[in-house]
Structures are given as structure tokens and as C-alpha cells.
Amino acid sequence: MSETPRAWLVKSEPDVFSFDDLMRAPGRTTRWDGVRNYQARNFMRDEMRVGDVVLFYHSNASPPGVAGLAEVASEPYPDPSQFDPASAYHDPTSDRSSPRWWLVDVRATAPLPRLVTLTDLRTDPVIAGLDLPLLRRANRLSVMPMPGAAVDRIVVLAGA
DNA sequence: GCCAACGTTGGC
DNA sequence: GCCAACGTTGGC
């Protein structure tokens, strides 16, 4: 049996860090740092592996939606910002010998030909059958799993 | 800017 | 362990 590659969705506010910003980053890669939610951390620390597909979602945007495709570009490792007193993500209670917060690197693969908006997702019959965590009420998770079928469908909806 | 929903904190 | 208060998220 071959292992099905996992797929994920990560959120970013485009005013802070957009998919275009990731495309322009050195190596089109960035540390997905600053995640301070245990469930999101667990996905990164325990389940993400190099090569997993990542959908890059623009939250707090007009309109919100999936802007591009990326991939997991590193194994999980401790988020350095938790130990940096100058960082907004500094966590003085995290122990270096047992770091609390973990992350992976994320590398841009390709922009989608057009943004697949939250409305697109909510109104698509194929997506509707998939019960995406993203579409649940008041969902606030910043890193979440996505079924492969949803990734395929989003690429279709983007007109690729 | 508003506000509902949610996670975290801390007093008890 | 309970739960009220608080801060944050994120769509609108």
C-alpha cells in the first residue's frame, strides 16, 4: 500500500504576509512561525512531512480565499521565535530542552490562476460533500488538514 | 468597525 | 475542576 500524501491548508492575512510575499521570499520559502495554538501545532509537529501539499489561504481579506499552492519544505523543528525576546511570538515559559512550539518551512509551488474565494467553496457542490473544517462555523484554526479531493477540486475551480 | 465564537487564564 | 473574564480570530 502506498501512503497517500497529506494535504493541508494554512491561513495568512495578506496584509501581513501574502502568497505573493511567499513567492518573492528567498527560495520561495518561509518558516511558518508564530503558530500558538496547540491543535495547529500538533498538525505541524506530528503529521506534516516534506512534500505534503499546502493550500495558502488569505484570511481577513476582501475576499478571503485560497490564493496559491505550496508544499511542506522541511521536517518539523522547534519554532525559534519562541526563544527570541525581541519577537512578538516570544514565549518565556517554553523550555529549550522541551520546546512547546514547532513549525515547518513552507515553499510556494505556484499561484492559482485566480483566487478561489470562500464563497466559491461554500457554493460548490463537490466541496459541499467533503465537510471541510475550513467551512465549519466560526472556524479559527490556522493550520488544518484538507482532503486530497478538495485540493483537486480547488485547482479545478481556479481554472488551472 | 462590529461582533460571535472560541481558546486561554486564573481565582476560587 | 469549574467557570467568568479576557484576548483573539475572522467574516461581514
Side-chain angles (χ1 to χ4, degrees), chain A residues 6-25 30-48 52-72 76-106 108-109 111-147 149-151 153-159:
Chain A
R6 293 168 197 276
W8 308 93
L9 179 142
V10 300
K11 295 178 183 174
S12 186
E13 301 190 22
D15 290 350
V16 178
F17 190 81
S18 69
F19 187 77
D20 281 346
D21 292 331
L22 182 58
M23 288 291 291
R24 287 190 290 263
T30 194
R31 273 179 185 147
W32 208 254
D33 63 2
V35 172
R36 295 294 181 267
N37 170 281
Y38 288 104
Q39 198 178 353
R41 176 208 65 183
N42 291 348
F43 286 134
M44 289 200 287
R45 184 191 63 185
D46 304 336
E47 299 194 43
M48 282 191 173
D52 286 357
V53 171
V54 174
L55 300 179
F56 196 109
Y57 179 88
H58 284 172
S59 63
N60 261 313
S62 307
V66 180
L69 299 174
E71 62 184 342
V72 174
Y77 62 100
D79 182 344
S81 69
Q82 71 195 300
F83 302 121
D84 176 3
S87 169
Y89 305 125
H90 182 225
D91 183 350
T93 67
S94 181
D95 179 356
R96 280 183 183 275
S97 66
S98 177
R100 175 171 299 148
W101 305 113
W102 292 66
L103 52 63
V104 296
D105 292 347
V106 172
T109 307
L112 290 171
R114 67 177 191 87
L115 186 81
V116 178
T117 67
L118 185 58
T119 302
D120 291 335
L121 297 174
R122 288 199 189 283
T123 55
D124 182 71
V126 176
I127 294 292
L130 298 175
D131 189 30
L132 299 186
L134 179 70
L135 302 184
R136 289 186 201 138
R137 223 158 83 74
N139 156 71
R140 294 169 56 192
L141 251 194
S142 63
V143 176
M144 69 184 77
M146 290 286 283
V151 177
R153 183 60 179 168
I154 286 165
V155 169
V156 169
L157 291 173

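Residue numbers begin at 1 in each chain, while the letters A, B, ... track the order of the sequences. Predicted model only: the values in this text are computed from it and were never measured. Only this structure's heavy atoms are used, side chains among them; waters, hydrogens and symmetry mates stay out.
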Grab the CZ-P distance between A:R136 and C:dG11 for me, whole Å please.
16 Å
Using the ring of each side chain (for Trp, its six-membered ring), is A:F17 parallel, tilted or perpendicular to A:F56, with breaks at 30° and 60°?
tilted
For A:K11 and C:dT9, is the shortest distance between a side-chain N/O and OP1 or OP2 below 4.0 Å?
no
Answer with yes or no after comparing the ring centroid distance for A:F43 and A:W8 against a 6.0 Å cut-off, counting only values under it.
yes
Can you find a side chain N or O atom of A:Y57 that sits less than 4.0 Å from OP1 or OP2 on C:dT9?
no
In whole angstroms, the gap separating C1' of B:dG1 from CG of A:D15 amounts to 15 Å
A:W101 CH2 to B:dG7 P, in whole Å, measures 13 Å
Of the nucleotides B:dG7, C:dG11, B:dA5, which one has an atom closest to the side chain of A:N37?
B:dG7
Mind calculating the distance between CZ (A:R36) and P (C:dT8) to the nearest angstrom?
14 Å
Test side chain to side chain donor-acceptor pair (under 3.5 Å) applied to A:D79 and A:R41, A:R31, A:R36, the passing residue
A:R36
With a 3.5 Å distance limit and no angle check, can you tell me whether A:Q82 reaches the backbone of A:Y89 through a side-chain donor-acceptor pair?
no
OP1 or OP2 of B:dA5 versus the side-chain N and O atoms of A:R137: is any pair under 4.0 Å?
yes
Step-by-step side-chain contact (heavy atoms from CB on, under 4.5 Å) determination, A:T30 to A:D105:
CA-CA 5 Å; A:T30 194; A:D105 292 347; over 6 Å; no
Identify the heavy atoms of A:L115 and A:P63 that sit nearest to each other, and give their distance.
CD2-O, 3.6 Å
In whole angstrom, what separates A:R122's CZ from C:dG10's P?
13 Å
Using a cut-off of strictly less than 4.0 Å between a heavy atom of the residue and any atom of DNA chain C, enumerate the qualifying residues of residues 60-68 of chain A by number.
A:N60, A:P64
Starting at atom CG of A:N139, determine the distance to atom P of C:dC12, rounded to an integer number of angstrom.
12 Å
For A:R41 and B:dT8, what is the distance between atoms CZ and P respectively, to the nearest whole Å?
10 Å
So that I know where these two stand, are A:Y38 and A:W101 an aromatic pair - ring centroids less than 6.0 Å apart?
yes
Gap between atoms CD and C1', on A:Q39 and C:dT8 respectively (whole Å)
16 Å
